[in-house]
There are 2 protein chains.
Amino acid sequence: MTRNNKKKLLDSKDYIPHLAYDSVIFGFNGTQLKILILEYHNTEFFALPGGFVKRGENLDDAVKRGLKERTGLDHIYLEQFHTFGSLSRSQPEIMRKILKENDFELKDDYWMFDRFISVAYYALINYDEVEPKPDELSDSINWYAIDELPPLMMDHRKIVEKALQVLRDNLERKLVGMNLLPPKFTMKQLQQVYECILGEKLRRTTFQRRLLGKNILERHEKLFQGKAHKAPYLYSFKVSNSERQKEDKELIHK
Amino acid sequence: MTRNNKKKLLDSKDYIPHLAYDSVIFGFNGTQLKILILEYHNTEFFALPGGFVKRGENLDDAVKRGLKERTGLDHIYLEQFHTFGSLSRSQPEIMRKILKENDFELKDDYWMFDRFISVAYYALINYDEVEPKPDELSDSINWYAIDELPPLMMDHRKIVEKALQVLRDNLERKLVGMNLLPPKFTMKQLQQVYECILGEKLRRTTFQRRLLGKNILERHEKLFQGKAHKAPYLYSFKVSNSERQKEDKELIHK
DNA sequence: GTATTATTGTAACAAAATGAGACAATAATA
DNA sequence: TATTATTGTCTCATTTTGTTACAATAATAC
């Protein structure tokens, strides 16, 4: 595509103006808690994956659509956690630069340059199942450990921090581990998820006793890792992922 | 005002389209947990107090403005808890009826008949300090006990239930009691707030020991109620209301 | 005055949950 | 066969919570 053949902008008629969403997509690589960050072409702007809501589309569905496009995954564990609506968060010059560097034809009154209120969601996905795909506007989409994030544009840093705070609060109640780990995992892996999210070390024996005491884990065969020590058992959550999500929904809409 | 002299509609130029807020305003009358519900003129529509966001206004400020108008109170404890964005929640015929019964001139393409996404907040206020005022559109605004609500319009019932669910989750962490009680209160009053929110009875001695153990209460003089038994002490929260809110804000925005 | 009544504050003991350390079991390796 | 690192579990101490008991006390009845 050449500079003379500009790309067509998204039509304002198709989208709800002033409303966007941003998603904090968490994954666990076995050691670190990471999130997906994209970088826009030629701008050095790092940002959370986000998008807009179509006029005939449920808010939740818009977010699911965006996640599907970026990760290829359906049925992702998703939770809305805050809506960011301050005036100061809108910076039209940033959006202008992004579109310009992506060879879009620009109009001064284009709807994307308006003020936006953004509904933020976090998603929990199985790191290994995903091959993130950059979209049309972005150079790359990559995993970044939560304590090694690049400088993020606009208020995206605040959004990530709020997501982490809510994730922590939900750690026990929502069985967060289930959505960040493969179906079968060792007790050590589960503990590492907890430690990454809480940002502190936990006592091994207490953790094991407490988790087993909850009666939510099923024990399976041992995992022989080829290491010179006793092999750990594999565990899975008793309630399946999808059932658990259904329960949460029922709680919400009851 | 006569039928010939129709009222002027709010101008779409002043407000962000498709975006509204609703507020679940909790108060405690000493026995029951209540919320403020308004009834629109001549419609039998019961609804949560809500409003719209001005184009040059922070989302949070819009909600504070609405609360101030309805309760006369500044510096209310306020927490955003969910954004409702499903397609099915929008019912333009309801808004049409409300405006019609209030003698507004109607236009078919009026912005208020569009789809709305609503950001929901809950507020905690001291029941006794407030004299709720109906606005232009509503006959009345009254306290209703949470288990004796009238049928609410649109999805407002769901909004209330979600508010209660979040309030429960926040009960310990956010010192909810502080904002629902007068500055000085008895242990029994505090326990009643907890019981109303949780919807279950608590054991008196355990509750007292646990709350005193937290070291957040200050003991003051006794309250002589003229009853034939030992007079209870009055307590207050050690951290003042406003300081506590500041802490929460810092947590959020840090 | 004195006994009665209802409620409050706290102590005392039991039960449950958690902290901290010890130790046997066990895969691979030397 | 001994060694090594890690895992699963046990034990005992500590803390928290559940439960019961009981003394203190403000008003009232007598």
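Just so it is clear, the structure is predicted and the values come from calculations on it, not from any experiment.
- The pair B:Asp169-A:Arg173 meets the salt-bridge criterion, since a charged nitrogen lies less than 4.0 angstrom from a carboxylate oxygen.
- Taking atom NZ of residue B:Lys201 and atom P of nucleotide D:dG18, one finds them 16 Å apart after rounding to whole Å.
- Counting all heavy atoms, side chain and backbone alike, B:Leu181 lies closest to B:Asn126 at O-ND2, 3.8 Å.
- Residues B:Pro49 and B:Ser23 form a side-chain contact, since some pair of their non-hydrogen atoms from C-beta on lies under 4.5 Å apart.
- Between B:Met187 atom CE and C:dT10 atom C1' the separation is 12 Å, expressed in whole Å.
- Using a 4.5 Å heavy-atom cutoff, the side chains of B:Ile35 and B:Ile25 are not in contact.
- We find that CG of B:Leu212 is positioned 14 Å from C1' of C:dA11, with the value rounded to whole Å.
- Counting only distance, with no hydrogens or angles, the side chain of B:Gln191 and the backbone of B:Gln208 share no donor-acceptor pair below 3.5 Å.
- B:Ser138 places no side-chain N or O within donor-acceptor distance of the main-chain N or O of B:Pro134, the cut-off being under 3.5 Å.
- Look at OH on A:Tyr233: it is 19 Å from P on D:dT6, rounded to the nearest Å.
- Ion pairing between B:Glu148 and B:Lys34 fails under the 4.0 Å rule for side-chain N and carboxylate O.
- Straight-line distance from the NZ atom of A:Lys214 to the P atom of C:dA17: 11 Å, rounded to whole Å.
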**Prompt:** How would nucleotides 20-30 of chain C be written as a contact map, 5' to 3', with B for base contact, S for sugar-phosphate-only contact and - for no contact, using protein heavy atoms under 4.0 Å?
**Reply:** BBB--BBBB--
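- Residues A:Lys188 and B:Arg210 both approach DNA chain D. Their nearest nucleotides, taken by heavy-atom distance, put A:Lys188 toward the 5′ side.
- Between A:Leu234 atom CG and D:dT7 atom C1' the separation is 13 Å, expressed in whole Å.
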**Request:** Just do the side-chain contact (heavy atoms from CB on, under 4.5 Å) check on B:Leu164 and B:Phe81 with the steps written out, would you?
**Result:** CA-CA 10 Å; B:Leu164 249 177; B:Phe81 66 90; over 6 Å; no
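- At least one side-chain heavy atom of A:Gln80 sits less than 4.5 Å from a side-chain heavy atom of A:Val119.
- For the pair B:Leu211 CG and C:dT8 P, the interatomic distance rounds to 15 Å; values are reported in whole Å.
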**Asked** Just the dot-bracket of DNA chain C, please: which string comes out with Watson-Crick or G-U pairs under 3.5 Å, [ ] for crossing, | for another strand?
**Response** ||||||||||||||||||||||||||||||
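- Atom P of nucleotide D:dT20 and atom CD of B:Gln208 are separated by 18 Å, given to the nearest angstrom.
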